[in-house]
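Accompanying notes for the structure given below.
These numbers were taken from a predicted model, which means no experiment stands behind them.
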Amino acid sequence: MIWQFTVRLKDVDVMTDDLIENLFAAGCTDGTPASSNGSAWIGFDREADTLDAAIRSAVKDVRHAGCTVERVEIEQDELRQWQTA
C-alpha cells in the first residue's frame, strides 16, 4: 500500500540542491522536497504494509541524510484509510 504524509524538517529554512541530493542518496526517492517561508518539508508517497512502517522508514532515511525531523503530518483521508486497514 502507498501511504502519503509529510515530514517537516527541524532547523532547515531552505531546501538546497545539496540537501536534496543527500535526501535522495539516503533513500528519499519517493519524496518531494520543498521549502517556503523559512520551513522545509518532504511530501512522501511511501510504499509499506502499514502507515507506521512507512513513517518509520521515511524518518530513518531523513535522519540518515543528516536532518532532524520536527514532525510528521498525516492527512485526514490517510488516517481513515489506516483505521480501516
Side-chain angles (χ1 to χ4, degrees):
M1 177 168 249
I2 305 254
W3 301 97
Q4 296 179 330
F5 53 92
T6 301
V7 174
R8 294 275 177 177
L9 303 180
K10 185 175 181 178
D11 299 325
V12 177
D13 298 334
V14 176
M15 194 62 74
T16 65
D17 289 341
D18 287 341
L19 179 54
I20 292 169
E21 286 181 27
N22 289 344
L23 288 164
F24 287 162
C28 299
T29 56
D30 55 351
T32 303
S35 59
S36 179
N37 297 323
S39 180
W41 64 91
I42 307 149
F44 279 96
D45 293 315
R46 174 90 20 143
E47 187 170 353
D49 290 336
T50 65
L51 177 59
D52 183 59
I55 291 171
R56 286 180 186 273
S57 68
V59 167
K60 179 181 172 187
D61 290 347
V62 168
R63 287 180 178 159
H64 185 71
C67 297
T68 301
V69 173
E70 182 177 327
R71 69 180 178 271
V72 176
E73 299 171 350
I74 306 163
E75 295 294 326
Q76 190 66 28
D77 290 343
E78 286 297 308
L79 287 176
R80 277 192 281 263
Q81 188 175 5
W82 172 71
Q83 290 170 341
T84 60

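- Going from atom CG of Leu23 over to atom OG1 of Thr32 covers 11.5 Å, rounded to the nearest 0.5 Å.
- Closest approach of Arg46 to Ser57, counting heavy atoms only: NH1-OG, 3.0 Å.
- Minimum heavy-atom separation, Ala54 to Phe5: O-CZ, 3.6 Å.
- Trp41 and Ser36 get closest at one heavy-atom pair: CZ3-N, 3.5 Å.
- Taking SG from Cys28 and CG from Asn22, the interatomic distance works out to 10.0 Å, rounded to the nearest 0.5 Å.
- Asn37 contributes atom CG, which lies 11.0 Å from atom CG of Asp13 (distance to the nearest 0.5 angstrom).
- Between Arg8 and Glu73, some side-chain heavy-atom pair lies under the 4.5 Å cut-off.
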- Item | Test side chain to side chain contact (heavy atoms under 4.5 Å, CB included) applied to Thr68 and Asp11, step by step | CA-CA 8 Å; Thr68 301; Asp11 299 325; 6.0 Å; no
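- Looking at Leu9 and Met15, their side chains come closer than 4.5 Å, going by heavy atoms from C-beta outward.
- Using modelled atom types, one side-chain atom of Trp3 and one backbone atom of Ala48 make a donor-acceptor pair closer than 3.5 Å.
- With respect to Cys67, the side chain to side chain contact (heavy atoms under 4.5 Å, CB included) criterion is satisfied by exactly one of Asp61, Ile42, Leu19: Leu19.
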